[in-house]
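Only one structure is covered here, and it is reproduced in the block below.
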Amino acid sequence: MINSRIEQIFNQIADLMEILGQDSFVVNHYRKTARTIHRIDADIEQLAMFGQLKDLNGLGKASIEKIFEFIDTGKIQKHQDLIAEIPFGILDLLKVRGLGPKSIKLIYEKLNVYNLMGLKNAIADGTLMRLPGFGKTKAQNLAKGIKFIVATQGQLVISKAIEMSNYIADHLESQTTIEKIIPAGQIRQGCDSIDTVSIVTLANQQDFPKIIQAFITCPGTREIISQSPADVEITFANENISSKIIKAQLHLATADNLANIELINSSTPEHINQLRQLAKQNNIDLDQNAQTQQQIYQRLNLPYIEPSLRQGGNEIELAQKGKLPKVVQLADIKGDLHIHSPASDGRTPIEQLVETAIERNYQYIAITDHSHSSTIANGLSAERLLGNIEIVRKLNQKYPEIAILAGTEVDIHIDGRLDYPDEILAQLDFVVASVHMTLDCKPSQANKHLLKAMENPYVNCIGHPTTRIIHARPPLPLDIDRIIKQAAETGTALEINSNPFRLDLKASHGRLAVEAGAMLAINTDAHSKANLHLMKFGILTAQRAHATSANIINCQPLETLKKFVQAKRDRMI
DNA sequence: GCCGTTTTCGGCCCGACTGTTTTCAGTCG
């Protein structure tokens, strides 16, 4: 779906026009159009094909033309023209947290600051603070923002990395004869942040030069970092997937050495080093060709270790002791406990969400719309929530094959108070509680409100506990051990949010939770039926956390889930 | 740039909250 890219371009047109001081009503219009596109549940390309774009309120002739222009050419000329009109570094400034178009216009015009380096200097020499609206605190926050961006340069979230990988794979397939293309590396390991896209191909040796040629001439290739007869590394970018430049590797295998090449390129170097040491101790040649990866582990007297576990930690030691966890699989998931409907900011009608869940063989789902403090997400008042509970109860009669649970994603206020009174929460089947506001707070405060929320007998799960957005927003400064302890003691699940931009809890925190005996929930936080399929990313994170299905509340049958909810109420009321 | 007409151009602006600054930019989903 190209929806999100078009939405992004319209927003960027608005930002750039604002920086250039153009008509604010037109600027506003582009933002409004971006929001309209955001709310579309269908593939915008399909709508365009069937002439249905004009039916959307707010999309006029000029916007529709631009959408068609993008479908035809992959870009929008007005957007290109605006980018050409300003220094390129301005686009980086737009990514700095706490810095918007108005401020950028000001620092560009008054200080001639047009990139991250310029801003950094203006902060350091104090000139920034002489501008109206810029104090010491703001300067410090901006400095932090710059640091964060620099630290995450050249890194993609896994879904974007997969798009890059698929793009390159499609190109290779169209240009050459390849038997098999296998995404490897950090994607295969399920990392949440990826700096190198790694592809393994199976082909005949005589086709290698042609495949390498196709790889290094793939549209988007920037530079060749290294090249040998069977391995190439390049830098690569594709503006329509991400504005970032990343590394991409190609590893060519024949049928003889495929398993070995796959293994080496789907593990951390630390894991491979540990395997090499073990091989050396036992006088085994790790690089001797094998039929399968299983066979390589077998030679070392080890059970098969999945790529998601090959992190270079203690997985080999666990494997030797026969204590390798039987990590959770997608098929173990019995339901999704964090889903938004159009009652708040979801895009897919409840019935279609239910039908998609049935297609996924789920036994239950929870409809968890925002509470009223999330005004921008059209959060539900207590009255509207009660109405929605009724709707959900009735829907259960229509769909006897699945249990539709009435829930909420209730906001946690800065003092730990929840957005609904207990009498309302008591009527729900499942309650997710999440922080959405006051994200820049002190460590003591961040901990306190989560700890207090977990004390509430009706709160069953903490949604996206650290609130991080990968590469865009740092996590809350939590004492994660204390949070996990509280979760275990109160019978509250901690969410692994499957959205690839969140993956929150992250794997290392998830592993701490598993070790402490806290329950996890792998949810999608879906805002559309398509989002229900993000579950696979949460699964990868849970695998990296060494979680088994026993650690995951939504891998349990409905009766166990109900007992989990009831047990907390019995204990704490 | 779109809407809704006074059918040729005027009016439009997600909204509550925060933090920094002293009136408004940035943030949240």
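Note that these values count all heavy atoms, side chains included, but never hydrogens, waters or copies made by symmetry. So that the names make sense, note that chain A is the first sequence line, chain B the second, and so on, each numbered from 1.
Ser373(A) and Asp411(A) are not linked by any side-chain donor-acceptor pair at a separation below 3.5 angstrom, with hydrogens and angles left out of the test. Checked by atom type, the side-chain pair Tyr399(A)/Glu351(A) shows no donor-acceptor distance below 3.5 Å.
Under the Watson-Crick or G-U wobble criterion, with both distances below 3.5 Å, dG19(B) is paired with dC24(B).
When distances are taken from the side chain of Ser103(A) to each of dG26(B), dG1(B), dC28(B), the shortest belongs to dG26(B).
Where Asp23(A) and Asp345(A) each meet DNA chain B at their nearest nucleotide, the meeting point lying more 5' is that of Asp23(A). Nearest-nucleotide positions on DNA chain B for Gly135(A) and Glu18(A) put Gly135(A) closer to the 5' end.
Across every non-hydrogen atom of Glu45(A) and Ile2(A), the tightest pair is OE1-CD1, 3.9 Å.
Under the side-chain contact (heavy atoms from CB on, under 4.5 Å) test applied with His38(A), the options His527(A), Gln8(A), Arg347(A) reduce to a single match, Arg347(A).
The distance between the ring centers of His338(A) and His340(A) falls below 6.0 angstrom.
A donor-acceptor contact shorter than 3.5 Å is absent between the side chain of Lys334(A) and the backbone of Tyr364(A).
As judged by a 4.0 angstrom heavy-atom cut-off over every strand, Lys78(A) is placed among residues making no nucleic acid contact. Counting non-hydrogen atoms under 4.0 angstrom, His340(A) reaches nothing in the nucleic acid. Among the atoms of the strands shown, none is found under 4.0 Å from any heavy atom of Arg39(A). Residue His38(A) is classed as having no contact, given no heavy-atom separation below 4.0 Å to the nucleic acid. Using a 4.0 Å heavy-atom cutoff across all strands shown, Lys32(A) reaches no nucleic acid atom at all.
The side chain of Arg31(A) contributes no N or O atom lying less than 4.0 Å from OP1 or OP2 of dC12(B). Between Arg97(A) and dG19(B) there is no side-chain N or O to OP1 or OP2 distance below 4.0 Å. Listed pair Ser63(A) / dC2(B) meets the phosphate criterion, a side-chain N or O lying under 4.0 Å from OP1 or OP2. The side chain of Thr137(A) places an N or O atom within less than 4.0 Å of a non-bridging phosphate oxygen (OP1 or OP2) of dT20(B). For Thr33(A), no side-chain nitrogen or oxygen approaches OP1 or OP2 of dC2(B) to under 4.0 Å. Contact annotation: Lys138(A) does not reach the phosphate of dA25(B) (side-chain N/O to OP1 or OP2, under 4.0 Å). Close to dC2(B), at under 4.0 Å from its OP1 or OP2, lies no side-chain N or O of Asn57(A). Within the structure, every side-chain polar atom (N or O) of Arg347(A) is placed at least 4.0 Å from both OP1 and OP2 of dG29(B).
The CZ atom of Arg35(A) sits 13 Å away from the C1' atom of dC2(B) (whole-angstrom rounding).
Comparing dG10(B) with dT5(B), their C1' atoms are spaced 11 Å from each other, to the whole Å. Nucleotides dC28(B) and dT23(B) place their P atoms 26 Å apart, quoted to the nearest Å. Comparing dC24(B) with dT20(B), their C1' atoms sit 10 Å apart, to the nearest whole Å. dG26(B) and dT21(B) have their C1' atoms separated by 14 Å, with the value rounded to a whole Å. When the C1' atom is compared between dC17(B) and dT8(B), the two are found 41 Å apart, to the nearest whole Å. For the C1' atoms, the distance from dT7(B) to dC2(B) is 15 Å, rounded to whole Å.
The ring of Phe25(A) lies on top of the base of dC12(B), close enough and flat enough: under 5.5 Å between centres, under 30° between planes.
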